[in-house]
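Quick caveat, the model's predicted, so the values are computed rather than measured. Every number for a ligand or one of its atoms is a count from 1 in the order of the listing.
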Amino acid sequence: MDTHSSHSHLNAGNRSRSSQSPSPSHSASATSSIHKRKLAATATAAATTAASEDHAPPSFPPSSFSADTRDGALTSNDDLESISARGADSDSDADESEDAVVEDDEEEFENDSSMRTFTAARLENAAGGGGSGSVRNTKIKSEPLTVKIESSDGGKDGGPTGSAAVGAASVAVSSGPGIAVKDESVKIFTENIQASGAYSAREESLKREEEAGRLKFVCLSNDGIDEHMVWLIGLKNIFARQLPNMPKEYIVRLVMDRSHKSVMVIRRNHVVGGITYRPYISQKFGEIAFCAITADEQVKGYGTRLMNHLKQHARDVDGLTHFLTYADNNAVGYFIKQGFTKEIYLDKDRWQGYIKDYDGGILMECKIDPKLPYTDLSTMIRRQRQAIDEKIRELSNCQIVYPGIDFQKKEAGIPKKVIKLEDILGLKEAGWTPDLFGHSRFRALNSSSDSATNQKYWTTFMRSLLKSMHDHLDAWPFKEPVDAREVPDYYDIIKDPMDLKTMSKRVESEQYYVTFEMFVADVKRMFANARTYNSPDTIYYKCATRLEAHFQSKVQAGLQSGTKVQP
Ligand SMILES: CC(=O)SCCNC(=O)CCNC(=O)[C@H](O)C(C)(C)COP(=O)(O)OP(=O)(O)OC[C@H]1O[C@@H](n2cnc3c(N)ncnc32)[C@H](O)[C@@H]1OP(=O)(O)O
């Protein structure tokens with residue numbers, strides 16, 4: 001036993017235990033030694049691959065969005081005023097008139113130069129889209145909300161900047177999943193499959209809401225239709241609230257700009273949130289200008305579903321392959337979860353000059369997959385999960401759970417009753433056979449010896465090793481378990497204690513040590529504990545080192561002689 005006080009001035013006498021008095025040859029040093037606790041850290045560590053199948057969806061119906069305002073023109077100020085006059089979505093800032101919004105904004109951002117730059121950049125872009133031609137290779141030197149275009153190389157993106165303003169933006173209501181799960185495919189799947197992760201659960205629940213008609217996703221732009229304008233104003237108000245660093249005038253101009261489109265979540269005729277983006281059709285990418293969900297509906301999955309609808313629409317209707325956005329620092333995490341990266345892989349020629357650099361955010365990119373059923377990812381994930389589960393069940397019985405084994409133990413970790421391996425439910429079914437037992441049992445003395453002979457030999461060997469250690473002069477600290485009353489913090493430090501008496505019980509049970517290695521591991525643990533708790537200058541540490549050397553020599557001699565061990 002490796003006794004070892006946590007009290008730095010506690011001597012061996014204070015720790016005396018009747019069964020463990022130091023031998024005379026050690027008592028002097030034991031009594032005088034100051035046991036400094038050595039807080040050596042000990043740690044253990046424990047350590048799926050899942051096959052996946054190609055579940056590319058079958059032919060995929062185009063997005064249910066039909067809006068396409070790729071040739072829209074910038075909304076005039078008259079338009080904005082008339083929109084303001086109509087009022088806003090009651091769910092958001094219904095009381096804010098547009099004029100008031102603009103006034104607030106001007107005051108608020110008067111001295112913010114970085115925002116000025118950004119604002120100017122965005123506005124210039126919008127202005128370009130409104131009919132002034134290209135924005136490519138333009139440089140901005142601007143005052144707040146005033147854009148000076150120094151040069152232009154002519155319209156590169158004919159679509160949004162073209163002169164023909166397609167005023168009427170169309171509207172479409174998302175009609176549900178892009179991929180249908182066939183009934184028969186569901187049937188083959190087992191019932192107790194793990195339902196889904198949080199992502200799928202949220203997506204499925206929102207999809208059900210859509211199917212029940214309680215929720216809809218629309219894509220539209222400024223088309224003058226009253227209901228749409230009310231929704232756009234509602235969205236504008238959400239952006240104004242959720243993007244406080246963004247000038248409100250700028251928000252309203254982009255949301256109402258006919259070259260921009262907005263995908264919105266509508267619940268009970270109220271806007272819950274949305275994404276305003278500008279598709280650059282000729283360049284096949286879109287720039288997300290704003291993205292927000294109303295405050296009390298965030299982190300419920302709307303943002304994800306919205307993005308999925310956006311991707312599906314942008315791919316199937318606009319023909320886009322990528323999205324770019326300047327993400328606010330605090331929204332980078334959300335965009336990463338939507339598949340955006342900070343690395344921009346899109347060829348610079350396709351986007352440079354179309355969107356402007358600015359300091360207020362991080363440019364991020366998302367590649368739109370040509371096949372993924374974005375509005376029904378949860379079904380795809382569920383089907384893949386089910387297919388993998390089916391495959392695993394074909395290959396194994398791991399889904400069968402048997403009743404547990406009664407592992408009640410007596411003292412020293414010895415089982416109360418002997419459990420035969422054959423009696424362990426599921427073991428044979430998992431492929432176990434009695435001959436597999438050999439590798440973990442005591443090594444055979446020779447090829448002719450039976451297992452009873454082997455076991456007898458090893459038990460005798462372990463017994464003799466224990467006796468040899470027990471009789472050694474340095475054994476006194478290790479004969480009994482450490483008494484926590486004498487060494488109060490011992491078990492705080494040593495989580496896996498060991499001593500000669502416990503090992504002796506384990507040997508005599510003839511059940512515990514099913515391999516000789518287990519016995520050696522206990523011995524090593526006992527000495528390691530002594531060296532962990534005690535510092536090298538202590539008697540305990542030294543006893544451990546000497547007794548361990550003695551043990552090793554005895555093991556070596558015993559193994560070499562093959563049959564008997566001299567204590
Ligand atoms: C270009 C721009 O407009 S940048 C500005 C973006 N907008 C904002 O920052 C406005 C304030 N925030 C919001 O309006 C919303 O929180 C949004 C739009 C960012 C996200 O919409 P939500 O409906 O909340 O997202 P949703 O519930 O789908 O969450 C998707 C995941 O993103 C995480 N997430 C949501 N917002 C953030 C965030 N700001 N930062 C890090 N992670 C986020 C969620 O925890 C969730 O993670 P999980 O799937 O591991 O559980």
Measure the distances from the heavy atoms of Tyr302 to every atom of ligand 1 and state whether one is below 4.0 angstrom.
yes
Ligand 1 to Gly333, heavy atom cutoff 4.0 Å, flagged ligand atoms 41 (C), 42 (N)
Single hit among Phe335, Tyr326, Tyr334 for ring pair (Phe, Tyr, Trp, His ring centres under 6.0 Å) with Phe340:
Phe335
For Leu243, counting its heavy atoms only, list the atoms of ligand 1 lying under 4.0 Å from any of them.
5 (C), 7 (N), 8 (C), 10 (C)
Give the atoms of ligand 1, by number and element, whose distance to some non-hydrogen atom of Ala292 is under 4.0 Å.
14 (O), 18 (C)
Min N/O separation Ala327 to ligand 1 under 3.5 Å:
no
Please determine if Ala331 has a nitrogen or oxygen closer than 3.5 Å to a nitrogen or oxygen of ligand 1.
no
Quick look: Tyr334 vs ligand 1, heavy-atom contacts under 4.0 Å, and the answer is both
Answer yes or no: does an N/O atom from Thr325 fall short of 3.5 Å to an N/O atom of ligand 1?
no
Rounding to 0.5 Å, atoms CD1 (Ile344) and CD (Gln352) come to a distance of 11.5 Å
Checking Asp489 side chain against Asp492 main chain: does a donor-acceptor pair fall under 3.5 Å?
no
Parallel, tilted or perpendicular: ring planes of Phe290 versus Phe239, cut at 30 and 60 degrees:
tilted
Going through the distances and angles, do Lys342 and Glu365 end up as a salt bridge (Lys or Arg N to Asp or Glu O under 4.0 Å)?
CA-CA 6 Å; Lys342 291 182 193 170; Glu365 172 192 301; over 6 Å; no
Take every heavy atom of Arg305, measure it against each atom of ligand 1, and state whether any distance is under 4.0 Å.
no
Heavy-atom contact check, 4.0 Å cutoff: does Gly301 meet ligand 1?
yes
Only one of Gln384, Glu203, Glu204, Lys207 clears side chain to side chain donor-acceptor pair (under 3.5 Å) with Thr379; which?
Lys207
Below 4.0 Å from ligand 1: does a non-hydrogen atom of Phe239 turn up there or not?
no
Could you measure the distance from the CD atom of Gln338 to the CD1 atom of Ile336? Nearest 0.5 Å is fine.
11.0 Å
Is the closest heavy-atom distance from Gly273 to ligand 1 below 4.0 Å?
no
Name the option, out of Ile293, Thr276, Val299, that contains the heavy atom nearest to atom 45 (O) of ligand 1.
Val299
Answer yes or no: does an N/O atom from Gly303 fall short of 3.5 Å to an N/O atom of ligand 1?
yes
Cut-off 3.5 Å, side chains only: do Glu287 and His260 have a donor facing an acceptor?
no
In ligand 1, which numbered atoms sit nearer than 4.0 Å to a non-hydrogen atom of Phe290?
3 (O)
Is there a donor-acceptor contact under 3.5 Å from the side chain of Ser262 to the main chain of Met264?
no
Polar atom proximity, Arg202 to ligand 1 (N or O, under 3.5 Å)
yes
For residues Phe285 and Phe323, establish whether the separation of their ring centroids is below 6.0 Å.
no
Where's the contact between Gln242 and ligand 1, heavy-atom distance under 4.0 Å: side chain, backbone, both or neither?
both
Val332, portion touching ligand 1 at heavy-atom distance under 4.0 Å:
neither
So is there a nitrogen or oxygen of Glu297 less than 3.5 Å from a nitrogen or oxygen in ligand 1?
no
Rounded to the nearest 0.5 Å, what separation is found between the OH atom of Tyr374 and the CD1 atom of Ile368?
6.5 Å
So salt bridge (charged side-chain N to carboxylate O under 4.0 Å, His left out) across residues 290-301, not counting sequence neighbours, yields Arg267-Glu297, Glu297-Lys300
Note: Ala289, heavy atoms under 4.0 Å from ligand 1, region reported as backbone
Report yes if some N/O of Thr304 lies less than 3.5 Å from some N/O of ligand 1; otherwise report no.
yes
Got a donor-acceptor contact below 3.5 angstrom from the Asn529 side chain to the Asp496 backbone?
yes
Answer yes or no: does an N/O atom from Tyr326 fall short of 3.5 Å to an N/O atom of ligand 1?
no
